[in-house]
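Below: one structure, written as structure tokens.
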Amino acid sequence: QVQLVESGGGSVQAGGSLRLSCAASRYTYYMAWFRQVPGKEREGVAVSAGSGRTYYADSLKGRVTISRDNAKNILSLQMNSLKPEDTGMYFCAADPGVYRWTTFQALSGMNYPYWGRGTQVTVSS
């Protein structure tokens with residue numbers, strides 16, 4: 001099993017930045033960030049593969065950067081130029097499988113068996 005614990009959420013004004021962190025109990029090839037925005041379905045934000053490849057949702061590319069520290073098993077998400085519509089619960093997810101995913105597959109929540117409990121992000125206008 002893999003335990004995931006998110007941190008770094010909070011309140012920020014539009015245009016501000018936040019850096020989220022996810023502490024994992026062990027290394028997994030795929031690690032990702034998803035979010036649940038009120039009134040919308042869960043959506044993939046960014047993914048980090050063990051190969052070094054990263055995947056981003058088109059709507060967020062350019063405003064977010066995903067990175068990981070494999071020695072400490074910590075996944076991070078730097079978010080800049082935040083907008084009120086970014087408000088929601090952000091979740092960390094992991095999959096130990098080693099395979100080549102398309103961007104669509106990497107950003108699909110159905111492909112991740114392990115999830116954290118989430119951290120709240122609130123962006124005020």
Side-chain angles (χ1 to χ4, degrees):
Q1 303 299 311
V2 181
Q3 285 74 52
L4 305 169
V5 181
E6 303 93 336
S7 63
S11 298
V12 64
Q13 292 188 328
S17 301
L18 281 175
R19 186 176 181 83
L20 308 182
S21 295
C22 171
S25 60
R26 71 176 179 87
Y27 170 87
T28 59
Y29 191 80
Y30 278 101
M31 294 193 75
W33 286 99
F34 288 80
R35 70 180 182 183
Q36 184 76 57
V37 176
K40 296 183 178 181
E41 296 183 344
R42 177 185 59 192
E43 63 179 337
V45 175
V47 180
S48 171
S51 63
R53 183 176 180 180
T54 56
Y55 308 76
Y56 294 96
D58 289 338
S59 62
L60 292 164
K61 190 173 184 179
R63 295 196 296 123
V64 301
T65 301
I66 191 169
S67 61
R68 66 160 73 185
D69 182 337
N70 290 329
K72 298 181 179 180
N73 292 326
I74 295 178
L75 180 74
S76 299
L77 182 71
Q78 178 66 45
M79 303 189 292
N80 303 316
S81 301
L82 288 167
K83 306 173 182 179
E85 50 263 46
D86 291 321
T87 294
M89 188 71 78
Y90 285 69
F91 299 88
C92 178
D95 185 349
V98 180
Y99 22 65
R100 185 181 300 166
W101 271 346
T102 62
T103 298
F104 179 81
Q105 292 173 316
L107 293 171
S108 175
M110 294 184 67
N111 288 322
Y112 296 84
Y114 304 108
W115 294 81
R117 295 181 180 179
T119 184
Q120 179 68 37
V121 170
T122 301
V123 184
S124 302
S125 61

Would one find more than 12 heavy atoms of other residues, nucleotides or ligands at under 6.0 Å from atom CZ of Phe104?
no
Got Cys92 and Trp33 here, is their nearest side-chain heavy-atom distance under 4.5 Å?
yes
If you count heavy atoms of other groups shown closer than 6.0 angstrom to CZ of Arg26, is the number above 12?
yes
Validation row: Tyr29, Ser51 side chains within 4.5 angstrom (heavy atoms)
yes
Calculate, to the nearest 0.5 Å, the distance between atoms CG and CG belonging to Leu60 and Asn80 respectively.
11.5 Å
Does Asp58, at its CG atom, have more than 12 non-hydrogen atoms belonging to other residues, nucleotides or ligands within less than 6.0 Å?
no
Ile74 reachable from Val5 in the ILVMFWY side-chain graph, under 4.5 Å edges
no
Do Ser67 and Gln78 have side chains that get closer than 4.5 Å, going by heavy atoms?
no
I'd like to know if Glu6 and Arg117 make a salt bridge, using a cut-off of under 4.0 Å between side-chain N and carboxylate O.
no
Minimum heavy-atom separation for Ile66 to Ser48, with atom names?
CD1-N, 3.6 Å
Can you confirm whether Gln13 is buried at CD, in the sense that more than 12 heavy atoms of other residues, nucleotides or ligands lie under 6.0 Å from that atom?
no
Drop me the distance from Arg35's CZ to Thr87's OG1, to the nearest 0.5 angstrom.
9.0 Å
Identify the heavy atoms of Ser76 and Arg19 that sit nearest to each other, and give their distance.
CB-NH2, 3.5 Å
With a 4.5 Å limit on heavy-atom distance, are the side chains of Asp86 and Arg63 in contact?
yes
Between Trp101 and Tyr55 (judged by ring centroids, cut-off 6.0 Å), do the two rings come close enough to count as a pair?
no
Taking every non-hydrogen atom, the tightest pair across Ser125 and Ala14
CA-CB, 4.4 Å
Hey, what else clusters with Val37 if you join Ile, Leu, Val, Met, Phe, Trp, Tyr whenever side-chain heavy atoms sit under 4.5 Å?
none
Membership question, hydrophobic clusters at under 4.5 Å side-chain separation (ILVMFWY): are Tyr90 and Val123 in the same one?
yes
Dump the intermediate steps for side-chain contact (heavy atoms from CB on, under 4.5 Å) on Thr65 and Tyr56, then the final yes or no.
CA-CA 8 Å; Thr65 301; Tyr56 294 96; 3.8 Å; yes
Counting C-beta onward and ignoring hydrogens, is there a side-chain heavy-atom pair between Val121 and Met79 closer than 4.5 Å?
yes
Do Phe91 and Tyr112 land in one hydrophobic cluster if side-chain heavy atoms of ILVMFWY residues count as linked below 4.5 Å?
yes
Return yes if a side-chain donor-acceptor contact under 3.5 Å exists between Arg42 and Gln36, otherwise no.
no
Tightest non-hydrogen contact, residues Gly50 and Tyr27, listed as CA-OH, 3.5 Å
Under 4.5 Å between any side-chain heavy atoms of Pro113 and Asp95, yes or no?
yes
Side-chain heavy atoms under 4.5 angstrom apart, residues restricted to Ile, Leu, Val, Met, Phe, Trp, Tyr: same cluster for Met89 and Leu18?
no
What are the two closest non-hydrogen atoms of Phe34 and Gly44, and how far apart are they?
CD2-CA, 3.3 Å
Would you say Leu20 ends up clustered with Met31 if hydrophobic residues are merged whenever their side chains have heavy atoms under 4.5 Å apart, either directly or through other cluster members?
yes
Heavy-atom closest contact (Val47 atom, Leu107 atom, distance)
CG2-CD2, 3.8 Å
